[in-house]
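Scroll down for the structure; my scribbles are underneath it.
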Amino acid sequence: MNRPVSIVPVKNTAQAADWVKQIAEIERLVQPQDAWDEQSVTKLLHQDINHGWVVIAEEKLEDNGFLKQTSPQATPQTVTVAYCLVSTVFETAEILRIGTHPDFQRRGYAQSLIEQLIAQMPDKGLDSILLEVRADNEGAIRLYQKIGFEVIHTRKGYYTSSKPSGETERCDALIMQYTRA
């Protein structure tokens, strides 16, 4: 079923507080070991060099504000399904965070957000976009390469995570760049 979807800039409006809350919830779901909370996202977006976009869709929500799978009678409400947080310095934008609610992954929302940023490059005077991704995040790497990003650097053992046994595991970070033609 196709539902109305929009990409909207997060600005200082009454609605932005709801979007920030939903961004923080998606962060907790997709990056539980390193999630940014509402305060961190709000602080980031109050700096002039930082920007955010959300993909919003009409969905049926539970009382807690997230997806209701069981009741077709529920009233659709606008919900954030994906987001992108970007910092811009001179001619370079850096994607600081990008995420999609697990119920909406693999539907092209992250790609749409990045393509929106790429489309704005000439107007914003941007020459390149940088991002960092875990080397074991193969799906994200394939997406970024499909869009035109290339690996320009590897940070060896940059990320750490804990195994269930309590051991610490290290993973490389790939720095990827998209350069405007």
Side-chain angles (χ1 to χ4, degrees), residues 7 9-10 20 22-55 80-181:
I7 297 177
V10 179
V20 167
Q22 292 176 9
I23 288 169
E25 179 59 27
I26 295 169
E27 278 274 313
R28 283 188 286 279
L29 294 170
V30 299
Q31 302 192 62
Q33 294 184 4
D34 186 32
W36 289 5
D37 61 16
E38 287 177 57
Q39 182 179 359
S40 299
V41 175
T42 299
K43 187 176 178 180
L44 176 99
L45 291 173
H46 278 105
Q47 298 171 11
D48 290 340
I49 64 170
N50 300 322
H51 310 279
W53 290 271
V54 292
V55 175
T80 301
V81 298
Y83 65 93
C84 184
L85 303 173
V86 178
S87 183
T88 304
V89 178
F90 301 113
E91 298 84 23
T92 302
E94 180 181 357
I95 296 175
L96 303 173
R97 299 295 251 212
I98 188 165
T100 303
H101 188 287
D103 292 340
F104 294 93
Q105 291 176 351
R106 311 268 184 268
R107 296 188 192 181
Y109 295 132
Q111 181 172 341
S112 294
L113 285 162
I114 295 170
E115 289 172 347
Q116 173 93 358
L117 179 59
I118 289 169
Q120 294 179 4
M121 287 177 75
D123 294 339
K124 295 191 178 292
L126 297 173
D127 295 330
S128 64
I129 302 170
L130 296 172
L131 60 79
E132 180 181 284
V133 61
R134 288 179 61 101
D136 60 0
N137 191 343
E138 295 172 5
I141 294 166
R142 276 193 306 277
L143 169 64
Y144 302 145
Q145 288 173 330
K146 176 178 141 183
I147 293 170
F149 282 81
E150 296 178 355
V151 175
I152 61 167
H153 183 70
T154 301
R155 292 181 177 161
K156 295 287 183 193
Y158 182 76
Y159 291 105
T160 59
S161 56
S162 298
K163 292 181 178 182
S165 65
E167 277 183 73
T168 300
E169 177 175 67
R170 300 195 75 74
C171 180
D172 295 346
L174 303 179
I175 309 300
M176 300 184 77
Q177 181 177 31
Y178 176 92
T179 304
R180 182 169 60 134

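Side chains included, hydrogens not; waters and symmetry mates left out as well; all remaining heavy atoms used.
Expressed to the nearest 0.5 Å, how far CD of Glu38 lies from CD of Gln22 amounts to 10.0 Å. Here Ile175 contributes atom CD1 and Glu132 contributes atom CD; the two are 4.0 Å apart, rounded to the nearest 0.5 Å. Atom OH of Tyr158 sits about 10.5 Å away from atom CZ of Arg170, to the nearest 0.5 Å. Between the NE2 atom in His51 and the CG atom in Leu96 there is a gap of 10.5 Å [rounded to 0.5 Å]. In this structure, the separation between OG1 on Thr179 and CG on Asp127 is 8.5 Å, given to the nearest 0.5 Å. Within the model, atoms NZ of Lys124 and CZ of Arg180 stand 12.5 Å from one another, a figure rounded to the nearest 0.5 Å.
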Just do the side-chain contact (heavy atoms from CB on, under 4.5 Å) check on His153 and Gln177 with the steps written out, would you? CA-CA 9 Å; His153 183 70; Gln177 181 177 31; over 6 Å; no
Show your working on side-chain contact (heavy atoms from CB on, under 4.5 Å) between Asn137 and Leu174 and close with a plain yes or no. CA-CA 10 Å; Asn137 191 343; Leu174 303 179; over 6 Å; no
Verdict with supporting geometry, Ile98 and Tyr144, side-chain contact (heavy atoms from CB on, under 4.5 Å): CA-CA 12 Å; Ile98 188 165; Tyr144 302 145; 3.5 Å; yes
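The main-chain N or O of Ala135 is never found under 3.5 Å from a side-chain atom of Asp172 such that the two would form a donor-acceptor pair.
In the displayed structure, Glu115 atom CD is contacted under 6.0 Å by more than 12 heavy atoms of other residues, nucleotides or ligands. Counting heavy atoms of neighbouring residues, nucleotides and ligands inside a 6.0 Å radius, atom CD of Gln39 does not exceed 12 of them. Within a 6.0 Å sphere centred on CZ of Arg106, other residues, nucleotides and ligands contribute 12 heavy atoms or fewer. No more than 12 heavy-atom neighbours from other residues, nucleotides or ligands sit within 6.0 angstrom of CD on Glu138.
Minimum interatomic distance between Ala82 and Tyr109 (heavy atoms only, all atoms of both residues): CB-CB, 3.8 Å. Contact detail for Ile95 and Cys84: the closest heavy-atom pair is CG2-SG, 4.0 Å. The shortest non-hydrogen separation linking Met121 to Ser128 is CE-N, 3.6 Å. Nearest heavy-atom pair, Arg134 versus Ile141, reported as atom, atom and distance to 0.1 Å: O-CD1, 3.7 Å. Taking both residues in full, the closest heavy atoms of Thr80 and Ile26 are given as O-CD1, 3.6 Å, listed atom of the first, atom of the second, then distance.
Looking only at side-chain heavy atoms (C-beta outward), Trp36 and Leu85 come within less than 4.5 Å of each other. Counting heavy atoms from C-beta outward, Glu91 and Leu126 have side chains that stay 4.5 Å or more apart. Between Trp53 and Gln120, some side-chain heavy-atom pair lies under the 4.5 Å cut-off. Using a 4.5 Å heavy-atom cutoff, the side chains of Phe149 and Ile114 are in contact. Arg107 places none of its side-chain heavy atoms less than 4.5 Å from the side chain of Val81. Under the 4.5 Å side-chain criterion, counting only non-hydrogen atoms from C-beta, Ile7 is in contact with Leu113. Proximity of Val30 to Thr100: side-chain heavy atoms (C-beta onward) are nowhere separated by under 4.5 Å.
In this structure Glu27 satisfies the salt bridge (Lys or Arg N to Asp or Glu O under 4.0 Å) test together with Arg97, sequence neighbours excluded.
Taking the six-membered ring where the residue is Trp, His101 and Phe104 present perpendicular rings, their angle passing 60° and hence far from 30°.
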